[in-house]
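Starting from 1, each residue takes its place in the sequence as its number.
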Amino acid sequence: MKRAFKFIIPFVAFFILASSFTTNPIKNDPEKDKVLISVINYMLTNGHYLPKDLDDDFSEHVFNEFIEGLDPSKRYFTQEDIEDFSRFKYLIDNQLKKADLAFYHLVYGRFTEKIKSAKKYYGEILAQPFNFNKRETIDIDYDKIPFPRNENELINNWRKQLKLNTLSRIQEKQDLETEKGKNDKNFKKSSFKTLEAAARKEVLKNMDELYIRIEELENADWFSTFLNSVTSGFDPHSTYMAPNVKEKFDIDMSGKIEGIGARLQKKGIYTHVFEVVSGGPAWKQGDLEAGDIILKVAQADEEPLDIVGMRLDDAIKFIKGKKGTEVKLTVKKKLDNSIRVISIIRDVVNLDETFVKSSVVLKDGKKYGVINLPKFYIDFSDKNFRDSAKDMEKEIANLKKENVEGLLIDLRNNGGGSLKTAIEIAGLFISEGPVVQVKYRGEKARVQHDQDPKIQWDGPLVVLVNELSASASEIFAAAMQDYNRAVIIGSNQTYGKGTVQNILPINQFYPDYKEDLGFLKMTIQKFYRVNGGSTQKEGVYSDIAMPDRYSYMKFGERDLDGALDWDKVPKARYTPVNSYENFSDVVNESKERIMQNPSFTLINDYAKWLKKSQDDTTYSLNFKQFTKEAKKHQEQGEKFKSVFKFESKLKFESPKSELPLIKKDIIDGDKRTAWHQNLAKDIYINEALNVLSRLKMRNLNQVVQH
């Protein structure tokens, strides 16, 4: 069993729906619904990279996805409902072809009835104290749990969920009172009865607020749920975006306001962290990550506000704020589903921090350059504006003036961006030649080349990656690996996103319709390495793998339901440069160092512990047993407090070219200093520099032959 309160998902998280819905009567134009389903079906069938047959298997997928989207916690439908719905289980494919929405209306109608019943259930259950002496457990892995057989079993499931949430709150209150008692000897602790009543009252308040927000959601959000159950049948990255959702998808907190430095995205009634802005307050704090879900927001020491179901615009108003103020986010971590409270001091988010930046470091009497590339950025509307390829070339030129003897490129958490700049950056390290292959549906792969014979850097090169290095990052890393131009070091493998999506306006395919129909994000291409293998699912395997907290987690593209498969195309015509005379020796030495390093051993143990916590989904609902298990889990976690504490004693500094810009406040000197300090405490940077310092070059006069 999981042992700690902080690893318990709040009750609200179980009852919120993975997709938006409303209990109001259907107000959607039925003709518009039919137009949408017809046009999207046409676009996917004729334009998606991998055509799918609308057959019984596809029908079953839509059936399961739609019901799962409405009731992921299995708290509304019973097996009797599922049996009733099942008459359409293998007919939905035929209905889609005819724009028949009978299945959709049946399930939605039943669902609205269930929502009304749910409000009655939780109110009646929370009106009475729970029996915490009873020995019973609850399993919260809803993917494995069947739907309740009948109404009585469903109500019992509600009771257990509400009991778990109340139990968690009681423990939290007791912990707070214990802390107060340590600081105030006259403090009198509350009785269990008082704490239990207060906890139930809070749970009831949160539930009432949640259902108020549910009823405020628009019907367009609800129909999006059904449409996305269809698009997901093609692949997990193809999605429908209603007009208002597309607008909110583009909301970016970076570089525009004083805040935390994160790009947020609405998915159903969740507020997701889409991206953490490099150099921003959240990035510096280090705990908030892409994929996390923000459940509550508190201003400093004020009571937290539940934002589940809140519109994105309103949620952002509470998250952003003046420089120097504190915001506390209650977050459900993507990593292990644990619940954490993350404190962030707001600051002005500087857009420049999302650009390439570099540092120099002296190691064993030799100077090396570290380049951080947060994303492969470009402005297609302004060719004269800076882009990642131009900036990278300048950074290398400045580092060469510093007489650095090797370069380390940090691509950790780089989710990709412009393929064009990825090709151009690869070209800075090789002579002209193939960099990537891109394939459209039904066509042969097209080889895309770096056409500039100039090599900007011909010295030792190490590329640092992790599980969040994706898309264009993987193209660059793969090219460097295939050419034997760099040592790839980091996680066992990168994310594995080898597909390309395009966002298409649906009205473009139905121009006579006057109302805005929204957008379809559709997978249209697939990436392949020059060696012929796809980066899809597999990503790029590191030459040197280092343990990290994601090591045993289901985290990458390979873990997404319906992700396109790995495959290969013919190898492009290229010749590896074989840059190093001691490549194998350096790699083997690093692997040996990592195995013998106690810090990496502890990180590996921590990763195993996180995986165990993720897999253990059963909780005791007996108070004594619950607190006993929580204490044990907390004690187990104590040994991992120092897991990422490391000090290399290396000194990182800005290149001389940056100093005048820092002096003129064009570059924020304090943020650069903070970055340099973090580099000195980064065990992964340290080992990457160990590798870099040991590489010996062959004669690089040879160029790629074609």
Side-chain angles (χ1 to χ4, degrees), residues 352 355-374 386 388-411 424-431 450 452-464 476 480 483-489 577-583 585-586 589-590 648-664 666-667 669 671-682 684-703:
D352 286 347
F355 296 144
V356 173
K357 59 180 181 284
S358 62
S359 179
V360 292
V361 58
L362 197 66
K363 179 177 174 60
D364 300 329
K366 295 182 179 180
K367 192 180 290 186
Y368 300 95
V370 178
I371 300 178
N372 178 260
L373 179 59
R386 64 189 301 181
S388 53
K390 295 174 188 172
D391 288 350
M392 179 69 82
E393 187 172 11
K394 290 177 184 177
E395 292 294 334
I396 295 173
N398 290 331
L399 290 170
K400 286 167 74 172
K401 293 176 184 177
E402 300 269 350
N403 297 315
V404 298
E405 299 193 33
L407 288 183
L408 167 59
I409 299 178
D410 187 356
L411 293 182
E424 291 172 352
I425 291 173
L428 299 175
F429 305 99
I430 60 172
S431 182
D450 161 51
D452 186 352
K454 177 185 176 183
I455 298 177
Q456 177 72 349
W457 177 258
D458 60 4
L461 180 65
V462 171
V463 178
L464 180 59
F476 172 77
M480 295 301 96
Y483 276 96
N484 295 331
R485 182 62 191 86
V487 176
I488 311 300
I489 185 171
V577 295
N578 296 316
S579 302
Y580 308 103
E581 63 180 45
N582 63 339
F583 184 94
D585 290 341
V586 170
E589 288 170 5
S590 177
S648 67
K649 297 183 180 179
L650 295 174
K651 186 177 181 181
F652 294 80
E653 297 178 330
S654 286
K656 291 184 176 66
S657 58
E658 275 192 357
L659 300 180
L661 301 177
I662 292 174
K663 190 173 183 180
K664 294 178 181 179
I666 296 174
I667 292 177
K671 290 183 178 179
R672 278 295 193 269
T673 299
W675 179 50
H676 296 152
Q677 291 172 346
N678 287 337
L679 290 175
K681 299 174 182 177
D682 192 327
Y684 300 103
I685 289 284
N686 185 70
E687 181 54 31
L689 287 171
N690 285 336
V691 171
L692 183 62
S693 67
R694 287 162 171 77
L695 287 172
K696 294 179 181 179
M697 302 297 297
R698 295 184 191 274
N699 184 353
L700 276 188
N701 289 329
Q702 69 263 41
V703 295

Glu393 and Lys454: salt bridge (charged side-chain N to carboxylate O under 4.0 Å, His left out), yes or no, with the steps? CA-CA 11 Å; Glu393 187 172 11; Lys454 177 185 176 183; 3.6 Å; yes
Any donor and acceptor pair, going by atom type alone, linking the side chain of Arg485 with main-chain N or O of Phe429 inside 3.5 Å? yes
For Tyr580, enumerate each residue passing the ring-ring contact (aromatic ring centres under 6.0 Å, His included) test, keeping only those at least two apart in sequence or located in another chain. none
Using a 3.5 Å distance criterion without hydrogens, assess whether the side chain of Glu581 forms a donor-acceptor pair with backbone atoms of Arg698. no
Pairs involving residues 358-374, ordered by first then second residue, that meet salt bridge (charged side-chain N to carboxylate O under 4.0 Å, His left out) (sequence neighbours left out): Lys367-Glu402
Side chains of Leu373 and Asp410: closer than 4.5 Å at any heavy-atom pair? no
Ring of Trp457, cation from Lys400 - is the NZ or CZ under 6.0 Å from the centre and inside 45° of the axis? no
Indicate yes or no for a side-chain donor-acceptor contact from Ser693 to the backbone of Leu689 under 3.5 Å, with no hydrogens or angles considered. yes
For the pair Val462 and Leu695, evaluate side chain to side chain contact (heavy atoms under 4.5 Å, CB included) and give the outcome as yes or no after the intermediate values. CA-CA 9 Å; Val462 171; Leu695 287 172; 3.9 Å; yes
Using the side chain to side chain contact (heavy atoms under 4.5 Å, CB included) rule, take Asn372 and Ser358 through it: C-alpha gap first, then chi angles, then the decisive distance, then the call. CA-CA 6 Å; Asn372 178 260; Ser358 62; over 6 Å; no
Do Asp682 side-chain atoms and Ile685 backbone N/O form a donor-acceptor pair below 3.5 Å? yes
Give, for atom CD1 of Ile371 and atom CG of Leu408, the distance between the pair rounded to the nearest 0.5 Å. 8.5 Å
Could you go through the side chain to side chain contact (heavy atoms under 4.5 Å, CB included) check for Leu399 and Val360 one step at a time? CA-CA 8 Å; Leu399 290 170; Val360 292; 3.4 Å; yes
Atom pairs and distances, donor-acceptor, side-chain atoms in residues 648-658, under 3.5 Å, two or more places apart:
from: Ser648; atom 1: OG; to: Leu650; atom 2: N; distance (Å): 3.2
from: Ser648; atom 1: OG; to: Ala680; atom 2: O; distance (Å): 2.8
from: Lys651; atom 1: NZ; to: Glu653; atom 2: OE2; distance (Å): 3.4
from: Ser654; atom 1: OG; to: Glu658; atom 2: OE1; distance (Å): 2.9
from: Ser657; atom 1: OG; to: Asn398; atom 2: ND2; distance (Å): 3.3
from: Glu658; atom 1: OE1; to: Arg672; atom 2: NE; distance (Å): 3.2
from: Glu658; atom 1: OE2; to: Arg672; atom 2: NE; distance (Å): 3.3
from: Glu658; atom 1: OE2; to: Arg672; atom 2: NH2; distance (Å): 3.1

The side-chain contact (heavy atoms from CB on, under 4.5 Å) partner of Ile396 among Leu407, Val404, Val356 is Leu407
Should Ser579 and Asn484 be marked as a side chain to side chain contact (heavy atoms under 4.5 Å, CB included) after you check the CA-CA gap, both sets of side-chain angles, and the distance that decides it? CA-CA 6 Å; Ser579 302; Asn484 295 331; 5.7 Å; no
Report yes if the side chains of Leu692 and Val487 come closer than 4.5 Å at any heavy-atom pair, otherwise no. no
Under a 4.5 Å cut-off applied to non-hydrogen side-chain atoms, are Leu411 and Leu464 in contact? no
Determine whether Asn578 and Phe583 make a side-chain contact, defined as any pair of heavy atoms from C-beta on separated by less than 4.5 Å. no
